[in-house]
Q: 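Sending over a structure as structure tokens; questions will come in a sec.
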Protein chains: 2
Amino acid sequence: MIPRKTIYRLSIYLRCLARLRENSIGTVSSEALAKAAGVKPTQLRKDLAYFGTFGTRGLGYDVNELLQKISEELGTSSLQPVILVGVGNLGLALLSYRGFEKEGFEIIAAFDTDPDRKRDKKISQPIFGMHDMPKFIREKNVKMAILSVPPAVAQNVVNTLVDTGIAGILNFAPIVLAVPEDVMVNNVNLAIELENLSYFIQG
Amino acid sequence: MIPRKTIYRLSIYLRCLARLRENSIGTVSSEALAKAAGVKPTQLRKDLAYFGTFGTRGLGYDVNELLQKISEELGTSSLQPVILVGVGNLGLALLSYRGFEKEGFEIIAAFDTDPDRKRDKKISQPIFGMHDMPKFIREKNVKMAILSVPPAVAQNVVNTLVDTGIAGILNFAPIVLAVPEDVMVNNVNLAIELENLSYFIQG
DNA sequence: AAGTGTTTGTGAATTATTTCACAATGGCAG
DNA sequence: CTGCCATTGTGAAATAATTCACAAACACTT
């Protein structure tokens, strides 16, 4: 089984390769790519070895081919629909963040307890009330959700999400969520990231 | 030396303990706290053992005391000034995010190439031009920065930050930054988090 | 004050991840 | 076509992180 960390790094390699391609670079050695990705060459090679062998000895990797293979492995080839729950400050910013589509994701709708509240920013996605959510998820067969609700209600919302078939949650609420083990949660906690930095810079 | 992952978890324990205190709970066992934090009890105990012994056998941990000790260990006791660079969509949202102060951080100023651009949202922090940044950092002795600039200029900005004494960077730009090894970078890449979820939910 | 039950703290064992070291392979020059 | 050079792919070794297993310590009851 491929380690979780390897999967993370595959995403990084993917982005480095995309930049190489933009610069019309056709082949790359594990040394060069590893450097660009901030890892050691042996680690890169080991990571790739988990799902195949793609290089040419003495030469390196074909940028396009490797891009293709990693993309397949990650399942990024097709556009994944995502919903966002909780349209506060952060939620609104994420909705207007144009960096997802390029990477194969599209936030197709947002949900909030108060969908009609006045918000300062124009966004292209529709905002619905929370009770419309289960139906929407089922009908559109959505599998992934971004959670940016206040911590106090997060667990409740998650229970609903899980019940309606969501299998992956990107959680911004500063709380540890309880989910069945077939549901995957990735936590992004900005305060913890800062705290972590703060620890390491003061030794 | 304390593992990096342990430091991350200490931050999580801290937040769980804070909630216990809010609920007027005075003591907690490693089992209960570990469950709240989403880890195994032995891991919690091992983590704590890295920097001391605080529990009472047969009873558990004093919530207040442990809170205090972890907080000291993390160096969260004092308020850390932070600057933010790049006031676009995401930067603006982070500026208005009120979740940092509570955790001991304050974004005291923001910098942007176009500080006077019209922005939809009201924020309390001042926005300065990029050329004011080095002076500001040195005068206020800022050590931490949040980076939310476009990827194309990120490395450039980082070089300036490093030169002026920044030691910790929370990077939202989707690019691998090159920094001297005494500078710490924590990356937050939302597209990668989504990609990662997507991989694991489809098996 | 002794006995019982609980829970910590930790050395040892296990498991996971990273790094090393080098044989195998193909490109390329002559 | 042969030999050299560069670079991959990969078992083995090293390192790191987690989990186990249990003795030690304390609270609480009687």
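We name chains A, B, ... by the order of the sequence lines, and we start the count at 1 in each one.
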Q: Check every atom of dG27(C), dA21(D), dT8(D) against the side chain of Thr56(A) and return the nucleotide holding the closest atom.
A: dG27(C)
Q: Quick check on dT8(D): is either OP1 or OP2 less than 4.0 Å from any side-chain nitrogen or oxygen of Ser30(A)?
A: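 Yes, Ser30(A) has a side-chain N/O under 4.0 Å of OP1/OP2 on dT8(D).
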Q: Once you round it to whole Å, what is the distance between C1' of dG26(C) and CZ of Phe54(A)?
A: 18 Å
Q: Would you mind telling me which of dT7(C), dG9(C), dG9(D) lies closest to the side-chain atoms of Thr53(B)?
A: dG9(C)
Q: Rounded to whole Å, how long is the line connecting atom CG of Asp62(A) with atom C1' of dG26(C)?
A: 15 Å
Q: Can you see if the side chain of Lys5(B) gets near the phosphate of dA17(D) - specifically, an N or O under 4.0 Å from OP1 or OP2?
A: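 Checking Lys5(B) against dA17(D): no side-chain N or O falls below 4.0 Å of OP1 or OP2.
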Q: Mind checking whether Phe136(A) and Phe128(A) have parallel, tilted or perpendicular rings, split at 30° and 60°?
A: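 Judged by the thresholds at 30° and 60°, the geometry between Phe136(A) and Phe128(A) is tilted.
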Q: For dG9(C), does either OP1 or OP2 sit under 4.0 Å from a side-chain N or O belonging to Tyr61(B)?
A: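 Result: yes.
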Q: In whole angstrom, what separates Gln43(A)'s CD from dG9(D)'s P?
A: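 Rounding to the nearest Å, CD of Gln43(A) and P of dG9(D) are 16 Å apart.
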Q: Can you tell me how far apart OH (Tyr8(B)) and CD1 (Ile192(A)) are? Round to the nearest 0.5 Å.
A: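 One finds 8.0 Å between OH of Tyr8(B) and CD1 of Ile192(A).
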Q: Quick one: is Arg9(B) getting a side-chain N or O under 4.0 Å of the dT18(D) phosphate, OP1 or OP2?
A: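 So the side-chain polar atoms of Arg9(B) do come within 4.0 Å of the phosphate oxygens OP1 or OP2 of dT18(D), strictly under.
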Q: Pick out which of Ile146(B), Asn189(B), Leu147(B), Leu84(B) makes a side-chain contact (heavy atoms from CB on, under 4.5 Å) with Phe172(B).
A: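 Among Ile146(B), Asn189(B), Leu147(B), Leu84(B), the one that satisfies the side-chain contact (heavy atoms from CB on, under 4.5 Å) with Phe172(B) is Ile146(B).
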Q: From NZ of Lys46(A) over to P of dT18(C), roughly how many Å is that when rounded to an integer?
A: 11 Å
Q: What is the distance, to the nearest angstrom, from the CG atom on Asp47(A) to the C1' atom on dT8(D)?
A: 14 Å
Q: Whether the Thr6(A) and Asp47(A) side chains hold a donor-acceptor pair (N or O, under 3.5 Å, no angle test) is what I'd like checked.
A: yes
Q: Atom OH of Tyr50(B) and atom C1' of dT19(D): how far apart are they, to the nearest Å?
A: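 Value for this atom pair: 12 Å.
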Q: Would you say the base of dT8(D) and the side-chain of Arg57(A) have a donor-acceptor pair closer than 3.5 Å?
A: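 When only heavy-atom distances are counted, Arg57(A) does reach the base of dT8(D) through a donor-acceptor pair under 3.5 Å.
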Q: Closest-nucleotide mapping onto DNA chain D: is Gly58(A) or Thr42(A) further toward the 5' terminus? I mean the 5' end.
A: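 Comparing both residues, the 5'-ward one is Gly58(A).
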Q: Is Lys69(A) paired with Glu73(A) through a side-chain N to carboxylate O contact shorter than 4.0 Å?
A: no
Q: Mind calculating the distance between CD (Glu31(B)) and C1' (dG5(C)) to the nearest angstrom?
A: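 Answer to the nearest Å: 14 Å.
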Q: Between dT8(C) atom P and Leu44(B) atom CG, what is the distance in whole Å?
A: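 About 8 Å, once rounded to whole Å.
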Q: Looking only at side-chain atoms of Leu59(B), point me to the closest of dG26(C), dC22(C), dA27(D).
A: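 The closest nucleotide is dA27(D).
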